[in-house]
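The structure presented is a predicted model; accordingly, all values stated were derived computationally and were not measured. Proteins come first, then strands; the chains are lettered A, B, ... in the order of their sequence lines, and each starts at number 1.
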Protein chains: 2
Amino acid sequence: MPKSGSPGPLYKKVKSFVLDRIHSGEWRPGDRVLSENELVRELGVSRMTVNRGLRELTDEGYLERIAGVGTFIAQSRSQGHPLEVLNIADEIHSRGNTHRARLIYALEEPVSPDRAVALGVVPGTSVFHSLIVHYENDRPIQLEDRYVNPAAAPDYLSVDFERITPSEYLLEVAPLKKVEHMVRAVMPTDEVRRHLEMPRDEPCLLLVRRTWSPASTTKAAVASTARLYYPATRFQLGAPFSVRTGDS
Amino acid sequence: MPKSGSPGPLYKKVKSFVLDRIHSGEWRPGDRVLSENELVRELGVSRMTVNRGLRELTDEGYLERIAGVGTFIAQSRSQGHPLEVLNIADEIHSRGNTHRARLIYALEEPVSPDRAVALGVVPGTSVFHSLIVHYENDRPIQLEDRYVNPAAAPDYLSVDFERITPSEYLLEVAPLKKVEHMVRAVMPTDEVRRHLEMPRDEPCLLLVRRTWSPASTTKAAVASTARLYYPATRFQLGAPFSVRTGDS
DNA sequence: CACTTGAACCTGTCTATACAACTTCGAGGT
DNA sequence: ACCTCGAAGTTGTATAGACAGGTTCAAGTG
């Protein structure tokens with residue numbers, strides 16, 4: 001994990017400066033953020049750099065900016081934003097709730113032909129497969145059915161997934177380069193319904209996530225694919241964002 | 001609709017320049033895009049401006065950039081991206097299919113208390129309410145249940161919604177400032193299931209969309225709220241995006 | 001032939017400066 | 001008391017210049 005004063009792009013330092021104060025609770029929704037010129041003096045970077053950081057945070061829904069007035073912490077970043085929050089434990093904790101995980105199994109198995117294509121490995125290879133239930137305040141909130149490319153995380157099976165989530169572990173082992181999401185509504189299978197303790201006739205929100213790691217040269221390898229099942233009545237996916245018009 | 005050489009931010013001209021060539025088919029997935037310096041000469045703007053335009057298109061999934069190599073049209077912008085494509089007709093046409101709309105009703109009705117809050121009007125006011133089925137190649141793909149704030153679009157009820165979609169009309173009448181989405185999985189009511197010609201036991205993907213118009217001073221008014229129902233088996237919502245790391 | 005080196009080009013980032021448009025607020029005039 | 005005007009602060013955008021790090025490819029070297 002990068003330290004706060006670590007190298008890297010300066011505009012990310014601007015973003016961290018603001019995000020840290022939001023996450024710590026020092027700045028609350030509606031509060032005014034330091035102006036661009038104040039941040040220039042505070043952080044010792046140019047105004048264009050500050051502007052880029054704040055503009056990205058605005059696009060991501062954290063801030064609201066009014067020309068001629070100032071920059072403010074956005075009122076409500078709606079709950080459940082897993083298209084950006086990759087780690088469900090973080091998301092649950094940010095709601096002030098407790099997270100617990102139960103491992104159903106984690107094993108190595110030969111990959112099926114279609115999954116081989118999805119994972120970008122040659123058919124016949126063995127891949128890692130884990131099934132985990134995530135609880136929010138002791139109520140099941142997500143069933144995580146995940147396949148991992150062994151090339152990206154060779155020690156995957158020896159991780160204690162009740163202490164660290166697969167997302168957390170994979171983020172430590174390999175930085176990820178790209179994420180792709182598909183959202184669908186499905187009826188749960190009996191197994192899914194049992195693990196999520198769902199009543200009959202309740203649908204699931206299914207989030208299919210593929211993550212890519214930077215690989216050797218020009219060809220990026222898929223690191224992992226996950227099917228994340230959410231009970232429909234306990235979850236909704238929010239995505240507020242400012243519009244970028246200009247499309248024809 | 002703004003003309004191609006119209007005023008407005010120059011970085012949007014860069015984006016339009018590229019998007020127009022993508023939409024017209026002149027540039028296909030995998031093709032190389034003009035380099036930043038070439039676009040500087042072509043469009044007569046500075047490199048920073050070109051960079052911002054291309055960077056935003058990359059964030060939105062249209063382009064892929066490789067440092068030291070070049071900029072390329074992204075391979076597959078996955079189907080169904082209604083968090084950015086606001087108009088379903090555009091989306092269907094971009095898949096090369098035909099769009100048709102059938103108006104169930106469009107009327108004025110007193111607003112319910114909770115909907116008044118959601119729309120940001122005083123309870124007791126009348127609002128516009130329309131119900132429309134959208135077809136892709138003559139198969140129902142979306143049921144659009146929409147409430148419109150009369151202040152934002154006074155002539156809403158006199159529009160021919162089988163020729164122009166509500167999204168299109170509202171975009172013409174009032175520029176929108178913010179969009180908020182919530183995605184849920186639900187079981188359809190009998191009415192929804194009938195309009196979408198869905199079998200029993202099939203869930204719906206429900207997209208709740210609220211759009212805001214820029215209003216007088218400091219208080220932005222909600223222009224419209226829409227509940228968009230998609231049959232689960234005929235639709236999935238895709239969201240590829242490049243990761244912005246740096247969050248704690 | 002195999003290898004190294006360097007030029008040319010690409011994207012990514014940062015800076016200093018500038019101007020425009022907007023809001024707020026107070027000073028001054030009617 | 002009311003209105004107008006302008007200063008000061010804010011965000012939004014655009015520019016020219018600079019450097020770093022990556023890739024490609026050809027020329028030159030062994």
- Ring geometry between B:F128 and B:Y156 (parallel below 30°, tilted from 30 to 60°, perpendicular above 60°):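 Judged by the thresholds at 30° and 60°, the geometry between B:Y156 and B:F128 is parallel.
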- Item | For B:R52, all residues meeting salt bridge (Lys or Arg N to Asp or Glu O under 4.0 Å), sequence neighbours excluded |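 Expected list: B:E56.
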- Message: Rounded to the nearest 0.5 Å, what separates atom CG in A:L19 from atom CH2 in A:W27?
- Response: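 Interatomic distance, A:L19 CG to A:W27 CH2, rounded to 0.5 Å: 10.0 Å.
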Distance, rounded to the nearest Å, where [X] contributes [atom1] and [N] contributes [atom2]:
X: B:K13; N: D:dT13; atom1: NZ; atom2: P; result: 15 Å
X: A:E64; N: C:dC22; atom1: CD; atom2: C1'; result: 16 Å
X: B:L34; N: C:dT11; atom1: CG; atom2: C1'; result: 15 Å
X: A:I66; N: D:dG12; atom1: CD1; atom2: C1'; result: 14 Å
X: B:E56; N: D:dG12; atom1: CD; atom2: C1'; result: 12 Å
X: A:L57; N: D:dG12; atom1: CG; atom2: C1'; result: 17 Å
X: B:R32; N: C:dT11; atom1: CZ; atom2: C1'; result: 11 Å
X: B:F72; N: D:dT23; atom1: CZ; atom2: C1'; result: 11 Å

- Between A:S35 and D:dG9, is there a side-chain N or O to OP1/OP2 distance below 4.0 Å?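 A:S35 to D:dG9 OP1/OP2: no side-chain N or O under 4.0 Å.
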- Query: What pairs with B:H129 under ring-ring contact (aromatic ring centres under 6.0 Å, His included), at least two apart in sequence or on another chain?
  - Reply: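 Counting only residues at least two positions away or on another chain, B:H129 forms a ring-ring contact (aromatic ring centres under 6.0 Å, His included) with B:Y105, B:Y147.
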- So, B:H99 versus B:H93: side-chain donor-acceptor pair below 3.5 Å or not?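 The answer is no; no qualifying pair exists.
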- Between D:dT10, D:dT11, C:dG12, which nucleotide has the shortest distance from any of its atoms to the side chain of A:R65?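 Selected nucleotide (nearest to the side chain): D:dT11.
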- Electrostatic pair B:E36-B:R65, nearest N-O below 4.0 angstrom: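 The answer is yes: the pair qualifies as a salt bridge.
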- Query: Considering only heavy atoms, which members of residues 42-54 of chain B lie under 4.0 Å from some atom of DNA chain C?
  - Reply: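 Per residue number, the list reads B:R47, B:M48, B:N51.
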